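To keep things clear, I will list the structure first and then write my remarks on it.
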Amino acid sequence: MSKTADTLLPDPSRWKALAFIALAQLMVVLDATIVNIALPSAQTDLGISEGNKQWVITAYALAFGGLLLFGGRIADLWGRKRTFVVGLIGFALASALGGAATGEAMMFGSRALQGAFGALLAPAALSLLAVMFTDARERAKAFGIYGAIAGGGGAVGLILGGFLTEYLNWRWTFFVNIPFAVIAAAGAYFVIREPAGGRNRSPLDIPGVILSTLGLVALVYGFTRAESAGWSDALTVSMFVAAGALLLAFVVTESRVKSPLLPLRVLTERNRGGVYLSLGLAVIAMFGLFLFLTYYLQVVKGYSPVKTGFAFLPMIAGMITGSTQIGTRLMTRVPPRLLMGPGFLVAALGMLFLTQLDIDTSYASVILPGQLLLGLGMGTAFMPAMSLATHGIEPRDAGVASAMVNTSQQVGGAIGTALLNTIAAGATTAYVAEHAARATDPKLLELQAMVSGFASAIWWAVGILVAASAIAVTMINTGRPGAGPGVGPGSAGSAGSAGSGRGAGAEDEFKIPVIAH
């Protein structure tokens with residue numbers, strides 16, 4: 001058998017590799033929420049001021065969001081396996097530093113390092129899946145598992161964070177990452193065999209790195225600051241203006257340099273563009289809801305951290321079911337838009353349940369079905385979205401295309417937390433102003449106003465999910481895997497509309513070319 005033919009054979013260790021990639025992805029997604037529940041305890045122990053406590057979250061978000069494109073390009077340049085292992089080792093060391101923190105400076109530094117190494121390993125993980133799973137049906141299963149973890153990991157983080165904080169110590173929310181990272185790194189080193197010929201050895205686009213990093217940091221920080229200081233705050237406005245100017249300069253630069261950090265062909269193909277946009281909008285709605293439900297259950301209902309975490313289990317169950325049972329089974333039979341569009345609508349229906357929140361709301365009749373529908377819809381939509389984001393991409397661009405998925409999620413999370421929290425705060429203030437004169441119990445008024453604010457913001461989340469559904473249905477026009485002409489280098493939009501018959505090369509639609517040594 002020729003060497004070329006041999007390289008096209010499926011990697012026999014690919015399913016073992018998936019286990020370690022999934023473990024690493026779970027660790028990164030967990031870390032986005034696991035610290036939230038531990039934050040009050042850490043703040044007290046380390047003497048972090050009220051004004052500075054946001055930096056425990058913000059330092060991670062800025063480093064992770066700002067460096068994702070750079071991390072994706074490094075994966076294409078160094079090799080995805082090497083980048084993945086380095087990212088895991090660095091993340092473990094940063095987590096150890098955070099768990100051992102003795103003051104706020106050490107804590108903030110460790111969180112920034114976690115974000116930086118997360119920006120290396122997250123795009124490397126997704127791009128490894130993209131180049132290792134090329135058969136349409138196997139790809140559907142692999143991305144079903146990955147999509148379930150990407151969607152449900154945040155809720156798992158709330159459960160684990162509550163358990164560790166209540167029964168052990170907040171420091172374990174950091175230390176728990178170390179065994180995750182060590183096992184995933186060892187497994188990846190011995191099991192993952194990256195396909196040949198997929199690296200992009202072009203010189204690094206330094207101006208692109210600087211402009212994209214500064215632009216994304218300014219954008220994420222602008223939304224983060226807006227949450228606490230307001231949208232009219234001078235620094236908030238300055239951050240948005242700077243982000244707009246820097247990202248515009250980045251696009252202009254990328255259109256002119258010989259070896260761009262982010263080739264514009266990755267963005268301009270309508271299917272990938274539709275995925276990035278719809279996924280970012282969906283994450284806005286989902287992350288805002290995590291925040292509201294956590295506060296509602298703990299402050300209004302009086303749940304403990306552990307009970308709050310377990311209250312999110314229906315959403316996790318829905319996501320796993322939607323991703324691995326619905327999305328995976330249908331992905332090779334229907335076009336992606338017919339999974340993503342209805343999936344986001346089902347999630348919007350779940351959000352609609354949650355607009356009925358009141359201080360006396362029953363968990364079983366409102367929150368439980370709302371979470372189940374939200375999880376089912378998001379899981380069904382996330383799986384094809386994750387797969388389609390790297391569909392038809394040239395192997396040398398797989399890392400940066402994967403980074404764009406993570407970037408849309410990270411920026412969406414920052415926007416969701418800031419935007420929906422601002423809407424909720426405004427509605428809360430308006431409720432107090434309207435009902436203060438007739439109130440007899442100030443504490444009850446405070447809780448009623450808080451819940452009214454949450455419900456108002458969740459209505460916006462419903463609208464955002466409907467918009468995500470509309471974008472997915474109108475922008476994404478590729479057919480089901482194997483239903484039409486192949487989508488490969490130079491023809492990344494050629495699949496056209498849904499399944500127009502099986503022609504030559506139909507089985508290779510989702511296959512990524514591999515070049516022999």
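Predicted, not measured: the structure shown is a model, and the values here were computed from it.
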**Report entry** 4.5 Å side-chain heavy-atom contact, Ile476 and Leu388
**Finding:** yes
Requested in this report: Report yes or no: does Gln114 contribute a side-chain atom to a donor-acceptor pair with the main-chain N or O of Ala92 at less than 3.5 Å?
Outcome: no
Query raised in the report: If you look at every heavy atom in Leu262 and Glu254, which pair is closest and at what distance?
Result: N-OE1, 2.8 Å
**Report entry** Distance-minimising heavy-atom pair for Leu88 and Leu121
**Finding:** N-CD2, 3.7 Å
Query raised in the report: Nearest heavy-atom pair of Thr83 and Gly71: which atoms, and what distance?
Result: CG2-O, 4.4 Å
Requested in this report: Please check if atom CH2 in Trp170 has more than 12 non-hydrogen atoms from other residues, nucleotides or ligands closer than 6.0 Å.
Outcome: yes
Query raised in the report: Is there a side chain to side chain contact (heavy atoms under 4.5 Å, CB included) between Leu97 and Leu113 once you walk through the steps?
Result: CA-CA 9 Å; Leu97 187 66; Leu113 282 173; 4.1 Å; yes
Query raised in the report: So, do Arg225 and Met239 sit near enough that their side-chain heavy atoms are less than 4.5 Å apart?
Result: no
Query raised in the report: With no hydrogens and no angle check, is any side-chain donor or acceptor of Arg111 less than 3.5 Å from a backbone partner on Ala59?
Result: no
Between side-chain atoms of residues 180-191 and protein atoms elsewhere (two or more places apart, or another chain), which donor-acceptor pairs fall under 3.5 Å?
none

Requested in this report: Could you tell me whether a side-chain N or O of Tyr221 sits under 3.5 Å from a main-chain N or O of Leu216, the two making a donor and an acceptor?
Outcome: no
Requested in this report: Please state whether the rings of Phe223 and Trp231 are parallel, tilted or perpendicular, taking 30° and 60° as the class boundaries.
Outcome: perpendicular
Query raised in the report: Does CZ in Phe310 sit with more than 12 non-hydrogen atoms of other residues, nucleotides or ligands closer than 6.0 Å?
Result: no
Query raised in the report: Tell me, do Asp205 and Ser259 make a side-chain contact under 4.5 Å, heavy atoms counted?
Result: no
Query raised in the report: Is there side-chain contact between Phe250 and Ile210, with at least one heavy-atom pair below 4.5 Å?
Result: no
Query - Minimum heavy-atom distance between Val251 and Leu264, given as atom pair plus value - result: O-CD1, 4.1 Å
Report task. Mark yes when over 12 heavy atoms from residues, nucleotides or ligands other than Tyr295 sit less than 6.0 Å from its OH; otherwise mark no. Result -> no
Query raised in the report: Under 3.5 Å, is there a donor-acceptor pair between the side chain of Thr236 and the main chain of Ser232?
Result: no
Query - Closest approach of Ile284 to Leu420 (non-hydrogen atoms, all atoms of both residues) - result: O-CD1, 3.6 Å
Query raised in the report: Side chains of Val28 and Phe64: closer than 4.5 Å at any heavy-atom pair?
Result: yes
Query raised in the report: Should we say atom NZ of Lys81 is surrounded by more than 12 heavy atoms from elsewhere, each under 6.0 Å from it?
Result: yes
Query raised in the report: Between Leu372 and Met315, is any pair of side-chain heavy atoms under 4.5 Å apart?
Result: no
Query - Contact check, side chains of Phe84 and Ile21, non-hydrogen atoms, under 4.5 Å - result: yes
Report task. Dump the intermediate steps for side chain to side chain contact (heavy atoms under 4.5 Å, CB included) on Phe454 and Leu354, then the final yes or no. Result -> CA-CA 9 Å; Phe454 293 164; Leu354 297 170; over 6 Å; no
Report summary line: To the nearest 0.5 Å, atom CD1 of Ile326 lies from atom OG1 of Thr380 at 4.0 Å
Report task. Measure the acute angle between the ring planes of Phe91 and Tyr60, then classify it against the limits of 30° and 60° as parallel, tilted or perpendicular. Result -> perpendicular
Query raised in the report: Tell me, do Met286 and Met319 make a side-chain contact under 4.5 Å, heavy atoms counted?
Result: yes
Report task. Quick one: pull up CE in Met351 and CZ in Phe344 and give me the separation to the nearest 0.5 Å. Result -> 11.5 Å
Report summary line: Closest non-hydrogen contact found for Arg171 with Gly99 is NH1-O, 2.7 Å
